[in-house]
Each structure stands twice: as C-alpha cells, then as structure tokens.
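In this text, all values refer to a predicted model and were calculated from it rather than measured experimentally.
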Amino acid sequence: MSPEPLRPLGYQHRHDQAFQKALNKAAKHYLQQRADHRFADLRFYLKSLVLILCCLGSYGIALCVNVSWAFFIFYPLFICFALLLAINLVHDASHNAIFKQAKANYWLNFWVTIPLGLDPECWRVRHIIFHHAHTNIRHYDLDIEENFVLRQTPYQRWYPFMRAQHLYWPLIAAMTFPALIWFFDWMDRFHMTRVAPHMRHQGRRGIGAFLLAKLLHLIVAIVIPAFVITDISLGTLLLTYLFSQMLASLVFVVLILGTHWAKATFYTPPKEGNMPHGFYTHTFSTTYDWQTTPRWLTYWLGGLNLHLTHHLFPNWNHRHYPALAKIIEQTAEQFSMDYHCISAKELFVYQQQFLKEMGTGKQADEH
C-alpha cells in the first residue's frame, strides 16, 4: 500500500513573474529567428541512430566473437551505450521533448530502456513529478531520500562511518542503477512508495507493461548471453552484468545529481501553504550548469551538464541547451539572478566539500 500522499506544494510565482516573462520571451525570439521548434531535429535522429547501432553492435560483438576478452570489453560497452541512449533519448522523451505526440515518446521510452533495464514510467514519475517540481525539498524530492549509507542533506541522521563518505560515495553512486532496476522499480510499481499513483497506467495494464519490460531486459542482458557464450560461467556473466550496470550508474549519478550536491542548498517545506519564494529562484538556488571539456561532449551527454538550463526548460530538446544557457545568463544578469556555469573541476571540488561537511554530522543551514 502506498504511503500517505504528500500535500500539494507550490511556489510564490509572482516573485519570479518578471524574470519568467523576459526569459520565455527571449527563448521564443530565439526559435522565431531560426524558424525552429523545441522538439528533435534530423541531426538528433542521426545521433540517436549512431548510438543505437553502437549499442547493438557492441552487443553483437560480445555475443559473436568467440574470445573471452572480447566479451569482457564489449558487454560493458553495450551497457554504456544503453546508458547514452537513456541520457539522450529517454530523458528527453520523458519530458515529451522528442516527438510532439506524447504516445510516441512513451513507446520510444519503452523499447529504448530495455537494454539498460530501468522502468521508464517509474523513472519518469520520480524524475519529473517529484525531483523537477521539488528539487532538494525534504520528503518531496525522492532523489535525496534518506538511505542510511550516504548523508546527502543536513536533516538526515548521521553515523560515524559517514566521515569517510566523500571517499566511498562513488560506490554508492555505482549501486544506484542495480538498486533501481531490481528493488525500487518493483516497490514503485507495486504501491510501496508514493510513485505508483502518479503513473499513466494502473492495474493490470500497468503491471503487465512493467513485467514485460523487465522480462525482455532479463532475456537480452542475461538469458541470451548465457545460451550463446558457452565458455563463460553464469556467475561470471552475472558479475560482468553487475559491473557494467555499476559503471553506467556512476557516470549517470555524477552527471545528473552532482549539480544539486554542489549547490548544497536544501529546503524543508512549510507546514502550511507554498514555498516562500518563486520556482525560478528555487531552481537557481539548488542547481548548477557546468561545462564539459571538450565542449562537444555536451551534445553527446544529452546536455545533462547544463542542468540548470534543463530544469528551466525541461520540455525543450537538449539540442537547444547551449543557446538557452546563454539566454539564461543574459536574462539573469538583467534581473540580478545568481547564474554560474562552473568547470567540471569546480563541480568535483564543490561535491567533495559538501560530502565532507555532511559527513561531519554538522547541521548545515536549512531553509
């Protein structure tokens, strides 16, 4: 049975009205100048095709080359390309930013997530309804729920071993995908969390689609390799699968969650009413943009490093993020909003500082 639902929580939108109006006007002008739209374009489709071919190609080589070392190289590559597909396609499709038709985005997500194994509907609800709408807000943002291993907010319990969390956090980050795929997805779908009531399909239809996707992932990732590759034991195959998922998980968590750690601002919801500030103010206070080196990596990483930009324009295809980031910077300067696009090195330094601070057990400032 689902836990008690949270009361609706909004923002004081009037605080940000002028900034929001100017930002949206500038973004609309950008599209009009280019005679463009916010969805995917031909270049995006070609990139997606390249990633699909690389994913399937790595899988095929891992199965067909009758040499053990080839499997241990190309199977992890298969999972990593599956991650890139999720970053570039599933993330945008969940926000309906690839196709104009919501149903087309839904079916794209269903098939593209099979190699990686994450349930796209569970992830969509966690990411959009809970995380995007309530970033770094206690109880509302499921990405910062207490896990008793990594203290990532100032109001969570502290244990002595957490003094070393700035050292062991990559292991916890690496376990995120395995935990989601084989534990939290199931809890979400079968009404043991707050996620299930927000899913598109309930009852038999929702459970049937969920079980089918998990079965297809199991067949593709485990069953077929176990039958085709006879000189590798099932135990070795399972360990390779786990290692590959952990590697992909680590990369993803660093890209998408690290920006919120780096900003290190957290909120407790008021007992009554909405948050005391506007949504845009909230987003600026909890999220960073950071720059890849070399910069062309931004496009292949689905623009996830431009994470503040994504939170302000979640329904835009990531091909627009570099241009939108410039628009945000210019508009923020006009309204004295605190915009920074930091380097990857600065992001890592801020993350480490935050994890060390949380690891001491000190209560950081709450808002």
### Query
Would the W123 and H91 ring centres measure less than 6.0 Å apart?
yes
### Task
Using atom types as modelled and distance alone, determine if a side-chain donor or acceptor of Y155 lies under 3.5 Å from a backbone N or O of R138.
yes
### Query
So, does R151 use its side chain to make a donor-acceptor pair with the main chain of M358 at under 3.5 Å?
yes
### Message
Check for me, please, whether L239 and I73 land in the same ILVMFWY cluster - side-chain distances under 4.5 Å, paths through other members count.
### Response
no
#### Entry: Check: Y267/S285 side-chain N/O donor and acceptor closer than 3.5 Å
yes
### Task
Write down the atom of M275, the atom of P269, and the distance for their closest heavy-atom approach.
SD-CA, 4.2 Å
### Task
For the pair L237 and S233, evaluate side chain to side chain contact (heavy atoms under 4.5 Å, CB included) and give the outcome as yes or no after the intermediate values.
CA-CA 6 Å; L237 172 60; S233 69; over 6 Å; no
## Note on the structure
Per side chain to side chain contact (heavy atoms under 4.5 Å, CB included), L89 is matched among V112, L84, N109 by V112
### Task
Say whether, by atom type as modelled, one donor and one acceptor occur between the side chain of Q156 and the main chain of I144 under 3.5 angstrom.
yes
### Query
Just checking, is any N or O donor in the side chain of D188 or T193 under 3.5 Å from an acceptor N or O on the other one?
yes
### Task
For a side chain to side chain donor-acceptor pair (under 3.5 Å) with D289, tell me which candidate from T259, T309, N305 qualifies.
T309
### Message
Looking at S343, is its backbone amide N or carbonyl O close enough to the side chain of E346 to form a donor-acceptor pair, meaning the two atoms are under 3.5 Å apart?
### Response
yes
### Task
Could you tell me whether R43 sits above the aromatic face of Y299, with NZ or CZ closer than 6.0 angstrom to the six-membered ring centre and within 45 degrees of the axis?
yes
### Message
Is it the case that atom CZ in F148 sees more than 12 heavy atoms from other parts of the structure closer than 6.0 Å?
### Response
yes
### Message
Do the side chains of E121 and R124 get close enough for a salt bridge, i.e. N-O under 4.0 angstrom?
### Response
yes
### Query
Distance only, no hydrogens: is a donor on one side chain within 3.5 Å (strictly under) of an acceptor on the other, for H260 and N136?
no
### Query
Closest approach of C80 and L247, non-hydrogen atoms and distance?
SG-CD2, 3.8 Å
### Donor-acceptor pair, side chain of T236 and main chain of I232, under 3.5 angstrom
no
#### Entry: Donor-acceptor contact present, side-chain H166 to main-chain L355, <3.5 Å
no
### Query
What residues form a salt bridge (Lys or Arg N to Asp or Glu O under 4.0 Å) with E146, not counting sequence neighbours?
R157
### Message
Would you compute the distance between atom SG of C122 and atom CE of M199 and round it to the nearest 0.5 angstrom?
### Response
3.5 Å
### Task
Please answer whether the main-chain N or O of D41 pairs with a side-chain N or O of N317 as donor and acceptor at a distance below 3.5 Å.
no
### Message
F71 vs T240, test: side chain to side chain contact (heavy atoms under 4.5 Å, CB included). Steps then yes/no.
### Response
CA-CA 9 Å; F71 175 79; T240 306; 3.8 Å; yes
### Query
For D16, does its backbone N or O pair with a side-chain atom of Y11 as donor and acceptor, under 3.5 Å?
no
### Task
Report the C-alpha separation of F184 and L142 in whole Å, then their side-chain angles, then the decisive distance to 0.1 Å, and conclude whether the side chain to side chain contact (heavy atoms under 4.5 Å, CB included) test is met.
CA-CA 11 Å; F184 288 108; L142 297 183; over 6 Å; no
### Query
Do other residues, nucleotides or ligands put more than 12 heavy atoms under 6.0 Å from Q32 CD?
yes
### Message
Donor-acceptor check, side chain of R189 to backbone of D119, threshold 3.5 angstrom: yes or no?
### Response
no
### CG on L118 to CG on L180, rounded to 0.5 Å
6.0 Å
### Task
Following the transitive rule for hydrophobic clusters with a side-chain heavy-atom cut-off under 4.5 Å over Ile, Leu, Val, Met, Phe, Trp and Tyr, establish whether F81 and F243 coincide in one cluster.
no
### Query
Going by distance alone, is a donor N or O of one side chain under 3.5 Å from an acceptor N or O of the other, for W169 and Q351?
no
### Message
What I want to check is whether the side chains of T292 and T298 have a donor and an acceptor closer together than 3.5 Å.
### Response
yes
### Summary
Here the gap from H340 atom NE2 to Q291 atom CD, rounded to the nearest 0.5 Å, amounts to 15.5 Å
### Task
Using a 4.5 Å cut-off on heavy atoms from C-beta on, say whether the side chain of P197 contacts that of R194.
no
### Residue F39 excluded, over 12 heavy atoms near CZ under 6.0 Å
yes
### Task
Taking all non-hydrogen atoms of both residues into account, name the closest pair between I181 and W186 and its distance.
O-NE1, 3.2 Å
### Query
Same hydrophobic cluster for W107 and L215, using side-chain heavy-atom links shorter than 4.5 Å among ILVMFWY?
yes
### Non-hydrogen atoms of L85 and C55 that approach each other most closely
CD1-CB, 4.0 Å
### Query
Are K263 and Y350 in a cation-pi contact, defined as NZ or CZ under 6.0 Å from the six-membered ring centre and within 45° of the axis?
no
### Query
At their closest point, which heavy atom of K271 faces which heavy atom of R7, and how far apart are they?
O-NE, 3.5 Å
### Message
Let me check something: do L51 and L46 share a hydrophobic cluster, defined by ILVMFWY side-chain heavy atoms less than 4.5 Å apart, either directly or through other members?
### Response
no
### Task
Using the side chain to side chain donor-acceptor pair (under 3.5 Å) rule, take H134 and H282 through it: C-alpha gap first, then chi angles, then the decisive distance, then the call.
CA-CA 9 Å; H134 311 102; H282 182 89; over 6 Å; no
### Query
According to the interplanar angle, ranging from 0 to 90°, do the rings of F161 and Y168 count as parallel (below 30°), tilted (30 to 60°) or perpendicular (above 60°)?
tilted
### Query
Between F177 and F252, does the ring centre distance come in under 6.0 Å?
yes
### Task
Would you please indicate if the ring centroids of F266 and F354 are separated by under 6.0 Å?
yes
#### Entry: Side-chain H-bond candidate by donor/acceptor type, Y30 with H320, under 3.5 Å
yes
### Message
Just so I know, are the side chains of P270 and L9 near enough to count as touching, which here means a heavy-atom distance under 4.5 Å?
### Response
yes
#### Entry: Check: Y241 ring centre within less than 6.0 Å of H217 ring centre
yes
### Task
Could you tell me whether H277 and F284 have their ring centroids closer than 6.0 angstrom?
no
#### Entry: By ring-ring contact (aromatic ring centres under 6.0 Å, His included) - contacts of F335 (at least two apart)
F19
### Task
Could you please spell out the steps behind the ring pair (Phe, Tyr, Trp, His ring centres under 6.0 Å) verdict for F130 and H198?
CA-CA 10 Å; F130 287 95; H198 299 276; 5.4 Å; yes
### Task
For the pair K47 (side chain) and W300 (backbone), establish whether a donor and an acceptor sit closer than 3.5 Å, ignoring hydrogens and angles.
no
### Query
Any link between I98 and L49 through a network of hydrophobic side chains (Ile, Leu, Val, Met, Phe, Trp, Tyr) touching at under 4.5 Å?
no
#### Entry: Aromatic ring proximity W69/F72, centre distance under 6.0 Å
no
#### Entry: Taking every non-hydrogen atom, the tightest pair across A102 and N96
CA-OD1, 3.6 Å
### Message
Tell me if the centroids of the rings in H318 and H310 come within less than 6.0 Å of each other.
### Response
no
